[in-house]
Structure formats: C-alpha cells, structure tokens
Protein chains: 2
Amino acid sequence: MDVSTPSAVNGHAPAAKAATIRDVAERAQVSVASVSRVLNGSDAITESTRRRVLDAVEYLRYVPHVGARSLSTSRTDTIGVILPDLYGEFFSELIRGMDLAARAHGKHLIVSSSHGDTEETLAALRSMRGRVDGMIVLSPHLRAANLAADVAGRMPVVLMNGGLDEAGRPSIAIDNHGAAVTAVEHLRATGRRRIAHIRGAAGNLEADIRAEGYASALVDQEPIIVEGDFTQAAGHRAATRLLALDQRPDAVFAANDMMALGAMLAFQEAGVRCPEDVAVIGFDDVPLAALVRPTLTTLRVNIAEMGRRGVERLIGLVQAGPNGAPDSACEIVRPLLVERQSTAAAETAGSTTVNPTAQPL
Amino acid sequence: MDVSTPSAVNGHAPAAKAATIRDVAERAQVSVASVSRVLNGSDAITESTRRRVLDAVEYLRYVPHVGARSLSTSRTDTIGVILPDLYGEFFSELIRGMDLAARAHGKHLIVSSSHGDTEETLAALRSMRGRVDGMIVLSPHLRAANLAADVAGRMPVVLMNGGLDEAGRPSIAIDNHGAAVTAVEHLRATGRRRIAHIRGAAGNLEADIRAEGYASALVDQEPIIVEGDFTQAAGHRAATRLLALDQRPDAVFAANDMMALGAMLAFQEAGVRCPEDVAVIGFDDVPLAALVRPTLTTLRVNIAEMGRRGVERLIGLVQAGPNGAPDSACEIVRPLLVERQSTAAAETAGSTTVNPTAQPL
DNA sequence: ATAACAAATGTAATCGGTTACATGACACAG
DNA sequence: CTGTGTCATGTAACCGATTACATTTGTTAT
C-alpha cells in the first residue's frame with residue numbers, strides 16, 4: 001500500500017473546485033449535450049458513451065448545480081411547507097410524513113414557520129417564491145391561508161387548515177365535525193347519557209367545528225360546554241368545573257388528548273373513577289394516550305399520512321401545470337375511533353377490576 | 001367601488017409570467033445593474049433611482065430568481081439538515097430551534113432524514129450538494145458522520161452526534177459523560193447507596209458514553225447495568241429485572257426519560273414506592289416528565305438551544321469561507337439537573353405523604 | 001456505388017441574475 | 001475654457017445547466 005492521498009485511494013480527482021458539466025464532457029471526450037442526456041436519460045445514447053460519461057462523473061464527483069438546472073428548466077424539485085409553529089408532536093409527525101412522501105418522489109422539503117402571524121406567513125411565502133415548485137400552507141386562520149394562496153400567484157398551493165370551506169382551493173382537512181359526532185355516538189353506545197365537551201381555544205377553526213359537531217350529535221340533552229385551550233392544564237381546570245355542576249356529566253369529550261388527560265387527572269384527584277363514574281374520550285391519539293392508566297379512548301388522526309397526502313396532492317398539481325384540470329376539491333381525512341379503557345361500558349365497568357395504576361404494560 | 005379585478009385593487013400588474021430583473025429595469029427606466037444594486041444595497045444609488053426601482057418591483061411583484069442568483073454568486077442562503085429520523089419530540093424541538101436561528105439570519109432550512117442508514121445519509125448528502133451552503137449532520141454512528149463530512153468535500157459541515165471525539169471536525173455534542181456523573185452524584189447526595197443503570201441501545205454512542213459515565217462515578221459499589229433501547233417498554237422490562245435481584249437497588253438512573261417512566265410504572269405495579277423505596281432519574285426532560293406522578297427528576301437538555309447553536313456555528317463557517325481559521329472545536333452542551341419528586345431524599349421521603357396519583361397540578 | 005434516411009453527437013442560444021469595466025455627467029481648479 | 005477627478009449609471013461577460021437545431025456517422029435500398 002503506497003498510496004499517499006485519500007484521493008488516490010478512492011481514485012478520485014483532487015477537486016479543489018466543484019466540477020461542472022464541461023469538466024465531465026472534457027474528461028469523457030464528449031459534448032456537454034451528451035453528458036446532460038446521459039444524466040437525464042432523455043435521449044438515445046451509445047452504451048460506450050454512457051459508460052465514459054458515468055466514469056467521468058464518478059471520478060470528478062460531479063453533482064449538477066441545481067441553481068443552473070432550475071434556471072434552464074424552471075423547476076426546483078423542492079416543496080415549501082409553511083407551518084404555524086414547529087412545536088410539538090403534531091408537526092413533528094406531519095413533517096415526517098411529508099419527508100417520506102417527498103423523498104419517494106425525489107423532491108426536497110423546505111420548512112418554515114410563521115409563528116401564527118399572518119404577516120410572517122406572507123413573508124415566508126414570498127421568500128420561498130422561485131425556490132420551490134409549490135407550497136403547502138397550514139394555518140389555523142382561514143384568512144391567512146386564503147391570502148397566502150393569493151400571494152403565491154401561479155404557484156400551486158395546497159391548504160391544510162382546519163376549516164372545510166376553502167372556497168374552491170385544493171386542500172386537505174380533518175373531518176372534525178364527523179369525528180365529534182362519532183365521539184358522542186360512541187359514548188352513547190356505551191351507555192352514557194350526560195355528555196359534556198371540553199372545547200379548544202375560541203377562534204380556532206378546528207375547535208369551533210368540533211364543538212359544533214358535538215352539539216349536533218346530542219340526544220335528549222342540552223350541550224354542556226366548557227372552554228379550554230388544548231393544554232393539559234386547561235383540561236384539568238375544565239374538569240374541576242364540571243365536577244362542581246349540580247348534575248355531573250357521566251362522560252366527557254375533550255377536543256384533544258392533552259386536555260382529556262388533564263381531565264382524567266382531575267377526576268382521579270377528586271376520587272371520581274374513570275371509566276366507572278365518568279367516561280373520557282380524547283382526540284388525536286398521541287403516543288401518551290396508550291400509556292396512561294386507564295388508557296385513553298380517542299379519535300386517531302393519522303398525521304403522517306395526512307402529510308403524505310398533502311405532498312402527493314401538491315406534486316400532482318405541479319405536474320399538471322397551470323393548464324391542468326382546475327383542482328378545487330377538499331380532501332377529507334376521517335379520524336378513526338380507537339377504543340380503550342377510559343370509555344369501557346358503564347354497566348360492565350363496575351364488574352371488571354380496573355385499577356388505574358396497576359395495569360400491566 | 002367599481003374595480004373589476006384583484007389586480008386593479010392592489011394596483012399590481014396582471015403578471016401572467018413571473019417578472020425578471022429586466023422587466024423591472026425596463027419599467028423603472030434604468031439598467032439591470034441599477035436594479036441589482038438597489039436590491040442588494042451594494043453601491044451608491046440616487047434616491048430617485050432607488051424609488052423608481054422599488055416602485056417597479058412592487059408593481060411587478062418581482063422576486064429575484066434564487067437559482068439565477070445562486071448561479072452567479074455561488075451562494076444559496078440555505079442550510080441542509082440531515083437527521084437520523086424525524087420521529088418524536090427530540091427532533092421536533094431541534095428543528096424548531098434551527099428554524100428560529102436560520103430565520104434570524106435570513107437563511108432557509110432543507111431537512112431530510114436518513115432513517116438511520118449510512119448509505120441513505122450519504123445519498124441525502126449528495127443530493128443536497130449545490131443546493132445548500134453548508135450542512136448539519138446528526139448521526140448516532142460516528143462512522144456515518146465522519147464519512148458524511150468527507151463526502152461533503154469543501155462544504156462546511158457541523159456534526160451533531162453523541163460522540164465527543166470528532167477527530168477535529170466542527171461539532172456540537174452533549175456532555176453525556178458529565179451528565180451521567182451528575183446523575184449518580186445527585187442520587188448519592190440524596191442518600192442512595194445502591195444505584196443501578198438502565199442503559200440505551202448497544203452501539204449507540206450516547207448510550208455507551210452515559211453508561212461509562214455512570215460506572216465511573218460509582219463509589220463503594222459495583223455497576224448494576226441492564227440493557228434497554230430507549231423505549232418505555234424497555235424501561236419497564238429492565239425495572240422488572242432489577243426487582244428480581246437478590247439485593248435490590250435503591251436508585252435507578254435511566255439513560256432517557258421514556259425508560260425512566262417505564263421503570264416507574266413497573267415499580268408502581270410491583271408495589272415498590274417511588275421515591276421512598278427507589279429513586280428514579282431520567283435524561284432529556286421531555287414535557288411528560290413534569291406531568292407524571294411522581295414528577296420525574298431528570299437531566300434537561302435544551303434541545304432547541306442546541307439546534308440554534310448548530311445553525312449559528314454553521315453560518316459562521318460559511319461566512320469564514322474555505323480560507324477561514326480552521327475550526328475543529330467541539331462545542332459542549334451541559335445538561336441541567338432538574339430536581340423533582342422522583343428523587344426526593346430517602347430519609348425525608350417517608351415523612352411526606354407522596355401519593356403517586358393524587359397530586360394537584 | 002450512392003442516395004436517402006435514421007441514429008448519435010455536437011454547437012450554441014437561452015434561462016435570470018451579478019459585477020468588472022466602460023461610459024457619461026457634472027463640479028471644480030487652474 | 002479645458003483638464004481632472006468623482007459619482008451614478010450602463011454594457012456585456014460571466015455562472016452552469018438544458019435543448020432546439022445542425023451536423024456527423026452509419027445503415028439500408030436501389
């Protein structure tokens with residue numbers, strides 16, 4: 001072994017400067033056009049030419065300059081994602097699903113967050129122009145989302161906010177209304193007759209729709225709604241208020257899992273048993289839901305799957321081009337009811353020994 | 001109100017096609033050079049010229065083509081991030097911190113995950129070449145990380161993997177060894193004398209270093225180490241095995257919070273009280289740690305802060321250019337001990353009534 | 001043998017910026 | 001009035017890819 005440099009070991013060029021397509025052409029003794037053709041697999045190429053080009057590419061560690069490519073093809077193979085925030089499990093899952101789908105299609109992902117601010121959403125959007133082929137915008141506020149779609153101009157945009165009525169823009173939304181109905185019906189099916197709702201922050205689209213769905217599904221009872229803000233602490237406070245009512249509810253539908261957990265904790269502290277005395281159902285199916293005792297019944301939203309669908313939808317729009325069939329459909333994601341211990345039927349709940357802390361894994 | 005089109009409302013051009021710098025120059029009655037100068041604030045420009053250009057930019061909604069710009073300046077103002085996975089709270093936090101820092105410096109973020117595979121790490125890295133000014137690579141395997149830095153060629157790379165010995169590459173690492181020592185010393189300070197360790201997956205750098213730190217900090221006892229893999233279930237199993245020992249430990253240092261939680265659950269199921277009979281300390285400080293009862297003492301890693309530092313470090317490298325002072329330092333992040341109920345002192349623990357399920361929020 | 005045609009390859013214009021250098025305008029000193 | 005220097009602006013050559021079109025080479029039919 002008398003090799004002296006790493007380059008020599010791998011048989012690579014020293015490459016002080018990144019190689020260009022011309023360097024490759026020169027080394028392979030062909031024209032730049034042939035190199036381009038080999039790399040894009042577009043045209044007829046002799047096997048010997050192909051081999052020489054690929055060898056040169058390998059030797060020079062040639063990687064096409066994306067800027068130059070995007071300049072001549074006006075494509076970037078990149079998708080922009082604007083999120084209201086990057087905080088928490090939800091967005092992490094979403095990005096994961098998007099990344100999976102994007103990589104499957106050879107696309108890249110640029111992420112940016114708007115911190116819930118409409119102005120920042122627009123700024124992020126503008127700065128992505130020309131950098132991406134299309135965008136996915138999540139915004140809890142309908143106005144910001146629609147505005148964003150306007151600013152984007154001819155760039156394809158897929159909206160993913162809670163609202164269903166996107167006024168004819170391509171979008172993906174959770175069936176919040178239907179899921180809320182499912183939750184209430186499940187509670188009734190397990191024998192509950194006084195069902196309360198802990199709702200999400202006022203003004204949040206998803207919170208509004210879930211509360212509305214809850215109210216619409218009630219039978220023989222008035223709505224019992226207490227305000228929350230999606231945090232565990234809010235769920236705890238809300239449950240405390242429910243316990244103070246003259247007629248206590250025998251079931252609670254919380255607008256998300258974290259509030260459901262807070263409520264369950266409040267019930268435990270007050271000596272109210274779950275599910276015997278009160279059933280609790282959440283929304284989301286965060287990992288924690290399966291880990292607490294009693295395990296939490298909830299409506300599972302496959303977030304990663306939603307991300308995947310968003311990306312594939314967008315890629316479809318990009319490929320269709322501005323002349324493609326106008327796509328204004330709103331794709332609906334239906335949450336799945338996941339039955340666990342927290343809503344075990346009222347009549348059987350008493351018989352089985354459900355010890356909240358001593359369940360095996 | 002007799003305006004007919006949105007364009008007319010905003011006083012904007014119809015813009016069927018995206019405007020170029022030449023369109024702006026034409027409308028502002030100046031040369032492209034002047035437009036460029038105004039936009040980059042580089043040279044002396046008359047106030048009237050500046051105004052005309054800015055008006056034209058506004059009217060045409062001109063946004064410079066990043067591809068073209070990167071072609072002539074060979075900068076992209078984009079940072080690439082390669083993560084082993086996008087799953088869970090840790091990466092979500094990290095991306096959040098990175099995004100914050102990137103946006104503060106006017107940079108964009110491209111993310112990609114390698115699914116733990118070395119080959120995929122390299123593929124992701126290659127495909128980012130030319131698309132980014134520099135990269136941040138997270139890899140639990142030293143080899144992959146170092147390889148990545150090689151493949152990157154002249155592109156600046158900041159490594160963020162568990163290992164401390166990066167052989168002279170710019171990197172940021174958690175002080176796993178020091179934190180493990182802190183954990184053990186804390187347990188001893190609260191009166192514990194038989195301390196066990198539930199370690200992370202074999203082969204994982206961080207797991208190895210934490211285990212090694214644990215062993216080195218022991219006094220008057222042999223190491224008691226059981227294998228885990230960072231999941232809650234593994235923590236549960238490990239704790240079960242610890243309970244079966246002839247001499248039960250009176251404290252457990254788990255290599256992360258999820259395993260600590262699993263262990264606490266196993267102890268509760270077995271009727272072993274925490275912290276009276278056994279103290280438990282975790283690592284990470286996931287949000288859940290403060291929510292369970294007893295609340296979990298842990299070593300907090302400020303993940304978002306780590307992300308921020310990674311980005312700023314990288315930006316520094318990019319600005320310095322290839323001729324900058326060679327930066328080979330490894331920046332250390334020291335986890336912070338967060339004392340909670342799960343390690344309350346052994347002698348006082350018995351006196352206070354610690355009911356694992358009935359604590360107020 | 002050669003015309004006619006197809007397949008492979010090369011040439012050069014183009015994409016939209018940046019910027020070195022050239023040019024023009026204007027002020028002021030001699 | 002002219003020479004000189006300063007400042008604002010314009011001209012055109014890049015950056016590195018793609019691709020329409022031109023050209024070469026090879027094949028087949030007559």
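Model, not experiment: these values are computed from the prediction. Reminder, nothing fancy here: chain letters follow the sequence lines and each chain counts from 1.
Taking side-chain N and O atoms only, Ser36(A) has a distance below 4.0 Å to OP1 or OP2 of dT18(D). Not one side-chain nitrogen or oxygen of Thr73(A) sits closer than 4.0 Å to the OP1 or OP2 atom of dA17(D).
dT19(C) atom C1' lies 15 Å from atom CG of Leu39(B), rounded to whole Å. Regarding Gln29(B), its CD atom lies at a distance of 17 Å from the C1' atom of dA8(D), rounded to whole Å. Remark: P of dA8(D) and CZ of Arg37(B) are 10 Å apart, rounded to the nearest angstrom. Protein atom CG of Asp77(A) is 15 Å distant from nucleotide atom P of dA17(D), rounded to whole Å. Summarising the geometry, the separation between CZ on Arg75(B) and P on dG16(D) is reported as 15 Å, rounded to the nearest angstrom. As a whole-Å value, the separation of His65(A) NE2 from dT18(D) C1' is 15 Å. The interatomic distance linking Ile45(B) (CD1) with dT19(C) (P) rounds to 14 Å, in whole Å. Atom CD in Glu26(B) sits roughly 17 Å away from atom C1' in dG17(C) (whole-Å rounding).
In this structure, Thr49(A) contributes its side chain and Glu47(A) its backbone to no donor-acceptor pair below 3.5 Å. Side chain of Ser48(A) to backbone of Thr46(A): no donor-acceptor contact under 3.5 angstrom is found. One N or O on the side chain of Asn40(B) and one on the backbone of Ser36(B) form a donor-acceptor pair closer than 3.5 Å.
With distances taken from any side-chain atom of Pro64(B) to the nucleotides dA17(D), dG10(C), dG17(C), the minimum falls on dG17(C). Distance from the side chain of Val32(B) is smallest for dT19(C) among the nucleotides dG10(D), dA17(D), dT19(C). Distance from the side chain of Thr46(B) is smallest to dA8(D) among dT18(D), dT18(C), dA8(D). When each of dG16(D), dG10(C), dT19(C) is scored by its nearest atom to the side-chain atoms of Leu71(A), the top-ranked nucleotide is dG16(D). Set against dT18(C), dT18(D), dC15(C), the side chain of Arg69(B) has dT18(C) as its closest nucleotide. You'll find that the side chain of Ser34(A) is closest to dG10(C), out of dA20(C), dC15(D), dG10(C). Closest to the side chain of Thr20(B), out of dG17(C), dT18(C), dT9(C), is dG17(C).
Nucleotides of DNA chain C nearest to Ser72(B) and Arg50(A) differ in position, and the one nearer the 5' end is that of Arg50(A). Of the residues near DNA chain D, Ala68(B) and Thr49(B), the one whose nearest nucleotide (by heavy atom distance) lies more toward the 5' end is Thr49(B).
Heavy atoms from other residues, nucleotides or ligands lying under 6.0 Å from CD of Glu26(B) number 12 at most.
Residues Asp133(A) and Arg75(A) are not paired through a salt bridge, judged by the lack of any N-O separation under 4.0 Å between the basic side chain and the carboxylate. Salt-bridge check for Glu312(B) with Arg308(B): passed, with a basic side-chain N closer than 4.0 Å to an acidic carboxylate O.
Here Ser74(A) lies out of heavy-atom contact (under 4.0 Å) with every strand. When heavy atoms are screened at a 4.0 angstrom cut-off, Val66(A) is found touching no nucleic acid atom at all. Nucleic acid contact for Ser70(B): none, since no nucleic acid atom lies under 4.0 Å from a heavy atom of the residue.
Residue-to-nucleotide contacts include a donor-acceptor pair under 3.5 Å from the side chain of Arg22(A) to the base of dA17(D).
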